[in-house]
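In what follows, every heavy atom counts, from backbone to side chain, and hydrogens, waters and symmetry copies are set aside.
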Amino acid sequence: MSANHSALTAGVRYQPDEKIPIALAIGLGLQLTFLTIAAIMLIPTIVMRAGGQTEAYVSWAVFASVVVCGMTTVLQAFRIGRIGMGHVLVMGTSGAFITVCIAAVAKSGPALLATLVLISALVPLVLSWRLSLFQRILTPTVSGTVIMLIPITVMPYVSDLLMNASHEQPAVAAPLCALATVLVISGVALKGTARLRLWAPVIGVIIGSVIASLYGLYDVDRVASAAWIGIPISQWPGFDVEFGTTFWSLLPAFLLVAMIASIRTMSSSVAIQRVSWRQQRSVDFRAVQGAMTVDGLGNLLSGLAGTIPGSATTMSVSMTELTGVGARSVGVATGATFIILAFLPKPVAVVLAIPDAVFAGYLFVLLTMLFIVGIKIIIQDGLDYHTGLIAGISFLVGVAFHYDMIFPDFTSAFAGGLLQNGMNAGGFTAIFMSLFMELVERRRNKIETVFSPSALPEVREFLRVFASSNGWDSAMTNRLDAVCEETILTLMRHDEAPQDHAGLRLYLAAYKKDSGAVLEFVVAPREENLHDRLVLLSEKSGEIPPEREVSLRLLRHLASSVRHQQYLDTDIVTVHVQPPTPIRPTSA
């Protein structure tokens, strides 16, 4: 992204750090709960019933899943050290785990499932701890592609929801309910006032349900027979520690799916940042790490409880895009509602009694917006030939595998059918292509030195040799030197004492890309994002100390783009530098 790029995210009414009325937070929390609670309950139900478990254990697995998702959703709304991301990020049970979890339960019961889930929970925890090591592979291109594939993988289920209408009802009933829901939500969102737009999903679902009730599609008996308060009897399965053949045959599949689920959490945490702030910001990977830590903790709890692991859902991204409200209190309200509902079967029955056709219309609108969010992530990170090729091929591979267009017999047998899910196939393709690009990229020149102004002479000599080896003249050498000096001095901050940098190291990599050069600085973390400061410079330069403003202006003038990735353990600044344009002498 260009350093001087500045844009406002249209429609954002409340940012994550802003307070909103309690009634609004509760209302939006109920909306998010209303949207996601059914999936959270249905996935463990499907897995346990397919695995031959009793209804008593099904009830326990559903209860545990709802409670764990509620706790982790609340944690995501806070940011405590390495835990949480401080945004509205709803956690749910992961559909990517359905196949492998059914296999584990059917072959050896819930005890083996608990053991495998507990071990696979280490994947997001390890990725969170050292995410900077994977930043060249788990790129925004990968994240955006995975998000674009989520609607592709979910749309068949939307079709199934439409087909689940009772055969006793008129054939037009289900399509009419879905169409009414889509039209009402879209109409209110497009033409309604800002305040009315907040309630577009609820209005659409209510009208769709009213129409459904006229055809007898709303399950009133289910609501009437449900208890008001209840909790299932504990059915904790324990752990299978025999580590037999079944365990070792399923472990690789669980680890692969855990990585995909982690990418989904990472993608969702990137996407929610894109739609939560009025002023576009660089992605805060420290927040992404916090989100993945909560993902891992939630999966640990799921393993201990013997239920299905989860990941971040994307519904909060679509809801924030639709309503313009990204305040953290919405996440707290959503998670608290999950936990309360786990003990209240009657309200849950009210949600589950809504006809599938209405859910289908609701999901259709949200998935449409989610697809656009994925495109935005890829474009905003900088769409060039390479990223476009990776995204395009990965997306088509995901679609082809999901609809059995490529080697269906092989994909159905490989890793328990892992590649039959388009998100998995496309996500792995994007990762492998990104890794391939890293391996074949031009050799990097590297230097390691102290993070101090005293290292500048050594860095200058390194850049001189680098420029000479690539055939650049003194003008390009001087530009590289100036960019490097201004970047280092800006990162050091003039208001810090020299002893603050004691013990820190600077890792500098330089390589040629097209006709220009790329400089990559790796240092200890800083509290502010360099790219955001460059954007701020063009808008509110009065907020920047004069001595720092000089360095920032020089850097913006000399570099074609600056990207600052902040992690909990590392800062990575990537600067693209183009050779100076020769000045042609004017004719007399």
Side-chain angles (χ1 to χ4, degrees), residues 1 9 15-17 72-73 75-92 94 121-147 150 258-277 280-299 310-317 320 326 328 331 370 373-374 376-378 380-382 427 430-431 434 522 525-532 563-574:
M1 184 180 296
T9 302
Q15 298 186 143
D17 56 352
T72 50
T73 299
L75 275 179
Q76 293 288 21
F78 295 95
R79 190 165 175 179
I80 309 170
R82 289 179 172 264
I83 300 175
M85 74 168 302
H87 287 70
V88 183
L89 192 65
V90 177
M91 304 296 291
S94 177
L122 298 176
V123 172
L125 291 175
V126 171
L127 288 175
S128 168
W129 189 258
R130 298 296 293 176
L131 184 60
S132 61
L133 298 179
F134 302 93
Q135 56 94 20
R136 296 188 189 280
I137 302 174
L138 305 181
T139 62
T141 301
V142 174
S143 302
T145 303
V146 170
I147 288 180
I150 290 173
M259 181 174 293
I260 287 294
S262 299
I263 293 175
R264 178 171 182 175
T265 295
M266 186 180 74
S267 302
S268 299
S269 58
V270 169
I272 193 64
Q273 292 185 62
R274 298 288 192 187
V275 300
S276 295
W277 301 93
Q280 283 188 3
R281 299 184 176 192
S282 299
V283 175
D284 187 351
F285 286 94
R286 296 170 298 181
V288 174
Q289 288 177 277
M292 296 178 71
T293 299
V294 173
D295 189 356
L297 293 176
N299 289 352
S311 63
T313 70
T314 50
M315 294 306 173
S316 55
V317 180
T320 301
R328 300 183 181 112
L370 187 63
V373 169
K376 286 182 179 179
I377 290 175
I378 297 175
Q380 289 174 355
D381 188 61
I431 290 174
S434 299
V522 181
R526 296 289 150 201
E527 290 302 319
E528 60 182 15
N529 190 283
L530 181 58
H531 170 266
D532 291 339
R563 183 184 181 192
H564 189 179
Q565 296 169 277
Q566 293 176 287
Y567 300 90
L568 292 169
D569 55 348
T570 310
D571 264 36
I572 301 175
V573 180
T574 305

Answer whether the closest heavy-atom distance between the side chains of Asp17 and Arg328 falls below 4.5 Å. yes

Sequence-distant partners of Thr72, side-chain hydrogen bond (donor to acceptor under 3.5 Å, both in side chains), two or more places apart: none

Nearest non-hydrogen partners of Asn299 and Gly310, listed with the distance: OD1-N, 2.9 Å

Minimum-distance pair of heavy atoms, taken over all atoms of Pro16 and Gly86: CB-O, 3.7 Å

Determine yes or no for a side-chain-to-main-chain donor-acceptor pair under 3.5 angstrom, with Thr73 supplying the side chain and Met91 the backbone. yes

Just verifying a value: how many Å separate Ser311 OG and Met266 CE, rounded to the nearest 0.5 Å? 12.5 Å

Not counting sequence neighbours, which residues clear side-chain hydrogen bond (donor to acceptor under 3.5 Å, both in side chains) with Thr145? List them please. none

Taking C-beta and beyond as the side chain, do Val294 and Met85 meet within less than 4.5 Å on heavy atoms? no

Residues Ser262 and Val123: closest non-hydrogen pair is OG-CG1, 4.0 Å

With a 4.5 Å heavy-atom cut-off, do Thr265 and Pro124 have their side chains touching? no

Reported CG-to-CG distance for the pair Leu122 and Leu127, which is rounded to 0.5 angstrom: 11.0 Å

Heavy-atom donor-acceptor pair, Gln289 side chain to Arg82 backbone, under 3.5 Å: no

Closest non-hydrogen atom pair between Val317 and Val275, with its separation: O-CG2, 4.0 Å

Residues in side-chain contact (heavy atoms from CB on, under 4.5 Å) with Thr293, at least two apart? Ile83, Leu125, Ser128, Leu297

For Ser268 and Thr313, work out which heavy atoms get closest and say how close. OG-O, 3.6 Å

